[in-house]
Amino acid sequence: MSIAPATETRLLQGLNPEQLAAVTLGPEPALILAGAGSGKTRVLTTRIAWLLQTGQVSPGGVMAVTFTNKAAREMLTRLSAMLPVAVRGMWIGTFHGLCNRFLRAHWKLAGLPQGFQILDSSDQLSAVKRVIKAMGLDEERFVPKQVTWFIAGSKEEGLRPRDVEVRDEHGRTLVRVYEAYEAQCEREGVVDFAELMLRSYELMRDNDALREHYQRRFRHLLVDEFQDTNRLQYAWLKMFAPPGREQAVFAVGDDDQSIYAFRGARVGNMADFEREYRVERVVKLEQNYRSFGNILDSANALIAHNRQRLGKNLRTDAGAGEPVRVHEATSDYAEAQWLLDEAQQLHRAGTALAEIAVLYRSNAQSRVIESALFNAGIPYRVYGGLRFFERAEVKHALAYLRLIENANDDTSFLRVVNFPTRGIGARTIEQLQDAARASGRSLAQSVGAVAGRGGVALAGFVALIDGLRERTQGQTLREIIRQMLEDSGLITFYRTDREGQDRIENLEELVNAAEAFVTQEGFGKDAVALPVDEQAPDAAAGVVPDADTGEIMSPLAAFLTHASLEAGDNQAQAGSDAVQLMTVHSAKGLEFDAVFITGVEEGLFPHENALSDADGLEEERRLMYVAITRARQRLYLSFSQTRLLHGQTRYNVKSRFFDELPEGALKWLTPRQQGFGSGYARSYQEAWARGSGLSGIVGAGRVEPAPVPAAMASSRSSHGLKVGQSVFHTKFGEGVLLTLEGEGDDARAQVNFGRHGLKWLALSVAKLTPIE
DNA sequence: CGCAGCGCTGTTTTT
DNA sequence: CAGCGCTGCG
């Protein structure tokens with residue numbers, strides 16, 4: 001190794017022994033179990049820098065894969081801060097970004113048109129809808145969303161239509177839809193996200209020369225968030241670096257933070273990787289640099305309840321710190337009010353608002369909190385809303401741009417053929433689609449087949465697009481977009497629209513985004529570097545065109561690719577000092593001085609839909625683990641007795657996760673519930689006071705009656721139970737009565753028994769005793 | 001063709 | 001409750 005030792009020393013300075021071991025591992029397969037806050041990104045980037053600096057690999061021999069653009073950017077930024085390296089030759093990016101790069105280079109071999117465009121999820125949904133319609137299927141039985149899910153799921157398992165196992169008629173039809181969808185994408189020259197992965201995988205698998213070329217090229221592959229990879233992504237990786245070869249795969253992940261099983265992530269890939277690659281060194285990064293002891297103790301104790309683990313325990317040198325504060329509220333509204341007060345106090349004591357995060361399990365919970373913050377005039381930012389390139393007006397504009405690039409993009413055609421309205425109605429489009437279907441051509445190619453007034457209007461639309469294409473020939477991206485905004489009538493339309501001002505601003509912003517895209521440093525690197533794909537590689541000569549040399553694709557096509565691959569930030573005022581509101585999922589990877597985890601209730605967190613199987617519960621627990629480990633100094637957990645959900649008051653019990661946290665690390669801000677139900681008496685009274693619920697309460701059997709307000713005594717029902725009431729069951733223990741149905745012997749009650757779940761009980765059979 | 005009103009349905013999400 | 005998609009009317 002011909003390096004200046006001084007530089008190497010500087011690079012490795014400050015790493016702890018585990019990190020150092022990971023960073024300086026030899027060229028062998030390695031699995032790094034990186035706990036939350038253990039300096040994972042630092043290890044990843046330092047390793048790349050170290051490999052480069054010590055001359056073990058050249059930039060062109062490095063591939064580093066992440067899941068999100070943000071993570072990829074972060075890696076690039078940190079890397080270039082460490083080393084004055086040309087990041088140019090390195091393949092650092094998201095799985096999909098790298099696949100795009102690969103397919104742009106080898107489009108011909110992959111059987112794609114040169115300027116193929118990428119469908120985002122909403123484009124894909126409308127494409128599937130069209131297929132379902134065209135096949136004359138019932139959308140009730142073949143729900144477009146589910147069909148889309150089926151297609152993406154199949155692709156992510158590596159299955160083409162012919163590979164999918166069919167059990168019944170319904171399955172057979174699904175496969176036919178999948179087939180037709182593929183044919184349609186092919187015809188229109190578009191690919192969806194999963195297709196990017198699958199196509200790349202198949203090309204590597206089937207083309208020996210190409211595969212050998214890339215295997216020779218990439219010496220070091222680094223994978224971030226390995227626990228989130230799906231089957232196809234792992235298979236893809238194995239194509240670039242098969243087990244038992246000399247390439248070094250450096251997989252970094254944390255099985256305890258696997259929270260995406262529901263979308264196909266396979267934690268099992270970690271164990272498979274260890275086995276298949278015969279990993280000798282599993283390095284655990286357990287030193288945590290983020291949180292204080294009580295927070296980590298809570299996280300460790302909680303996650304210890306999961307059975308399926310590789311095993312890992314976080315530790316810190318930071319001391320115990322503050323206790324984890326627990327708050328019980330009477331209602332979601334009260335919870336929000338309390339949280340607001342606490343946040344204000346923190347802020348007054350010097351915590352920046354942006355360092356305060358409010359986490360929740362599902363988006364529906366944000367509303368109450370938002371309104372509390374809004375009314376108090378505290379700035380906040382909600383993550384996960386509509387993102388820039390997903391906004392309707394922006395998508396309209398992009399559709400025009402896509403048509404300029406590719407007239408056969410039917411998805412885009414349908415999106416804007418009558419927007420702004422130009423007298424092209426449903427029946428005209430119907431005729432056009434029939435004609436297109438009959439001739440197997442695109443909509444744009446079929447306009448001639450429609451007669452009458454509709455035909456004229458259609459011809460006018462096609463002429464508009466053609467005109468735009470001709471007029472913008474050779475213009476800059478900025479000019480193209482400006483011209484399109486004018487000619488399409490979008491600007492004019494929104495100018496007369498009541499709420500059009502914001503939309504016009506967004507369209508202006510699109511021009512800026514394009515400008516930024518063109519001038520940004522990375523231009524020409526990712527989407528734009530469009531290599532020459534010289535026919536099929538000459539296997540005999542061993543010459544394969546590589547993805548890093550070649551011609552430039554048009555700025556417009558590059559920009560459209562960028563827009564699909566990176567949906568942009570969500571609109572909220574980034575940068576300003578504001579409380580951060582988000583789901584636990586979107587909090588992954590982030591950290592804050594103070595964190596509120598709200599709605600820690602049975603049915604919500606863990607979510608009721610995840611309770612049907614043990615795996616579901618374990619994923620919920622990992623989710624809670626992720627939430628807890630976001631906090632640096634202060635952590636709050638709160639739950640509420642009642643919550644307005646779907647317009648109905650729900651009566652909740654505190655989450656079972658509280659029983660899994662170390663009592664010594666917690667501080668209850670509200671009186672701890674003693675024995676059965678003391679916490680519920682209040683909710684019941686409140687429910688009564690509000691006039692919801694209401695049939696009254698009678699002590700049944702041996703249990704003493706609750707103190708019943710006089711007004712209620714008159715409305716007793718025969719079973720003596722009411723909604724919101726705490727009850728005791730000999731088998732399931734304490735619970736809260738959610739619903740009452742039927743009369744007399746038919747009366748049934750739905751009860752939330754916390755860890756035993758939601759139960760329907762026949763009152764004539766079940767012994768339910770009210771608890772005070 | 002466009003709009004108003006009705007009814008249904010509610011986890012988590014990146015690319 | 002609230003957002004969406006579909007229907008039916010003008």
- request: Please list, chain by chain and in numerical order, all residues satisfying side-chain hydrogen bond (donor to acceptor under 3.5 Å, both in side chains) with A:Ser366, sequence neighbours excluded.
  value: A:Glu370
- request: Determine the contact category for A:Ile429: base if any of its heavy atoms lies under 4.0 Å from a base atom, sugar-phosphate if only primed atoms, P, OP1 or OP2 are that close, otherwise nothing.
  value: nothing
- line: Sequence neighbours excluded, the answer for salt bridge (charged side-chain N to carboxylate O under 4.0 Å, His left out) partners of A:Glu405 is none
task: Output all residues satisfying side-chain hydrogen bond (donor to acceptor under 3.5 Å, both in side chains) with A:Ser122, sequence neighbours left out; order by chain, then residue number.
output: A:Asp120, A:Lys395
- line: With sugar-phosphate taken as primed atoms, P, OP1 and OP2 and all else as base, the protein-contact string of nucleotides 3-10 of chain C at under 4.0 Å (heavy atoms; B, S, -) is S-------
- prompt: Any chance the rings of A:Tyr260 and A:Phe67 have centres within less than 6.0 Å?
  reply: no
- prompt: What string of B, S and - do you get for nucleotides 8-15 of chain B 5' to 3' if you count protein non-hydrogen atoms under 4.0 Å?
  reply: --BBBBBB
- request: Not counting sequence neighbours, which residues clear side chain to side chain contact (heavy atoms under 4.5 Å, CB included) with A:Ala334? List them please.
  value: A:Ala329, A:Thr330, A:Ser331
statement: Hits for side-chain hydrogen bond (donor to acceptor under 3.5 Å, both in side chains) against A:Glu335, two or more places apart or cross-chain, chain-then-number order -> A:Ser638, A:Arg643
Sequence-distant partners of A:Asn306, side-chain hydrogen bond (donor to acceptor under 3.5 Å, both in side chains), two or more places apart: A:Arg621
Pair up each side-chain donor or acceptor in residues 142-154 of chain A with any protein partner under 3.5 Å, not counting sequence neighbours, and list the distances.
residue, atom, partner, partner atom, Å
A:Thr148, OG1, A:Pro144, O, 2.7
A:Ser154, OG, A:Phe150, O, 2.8

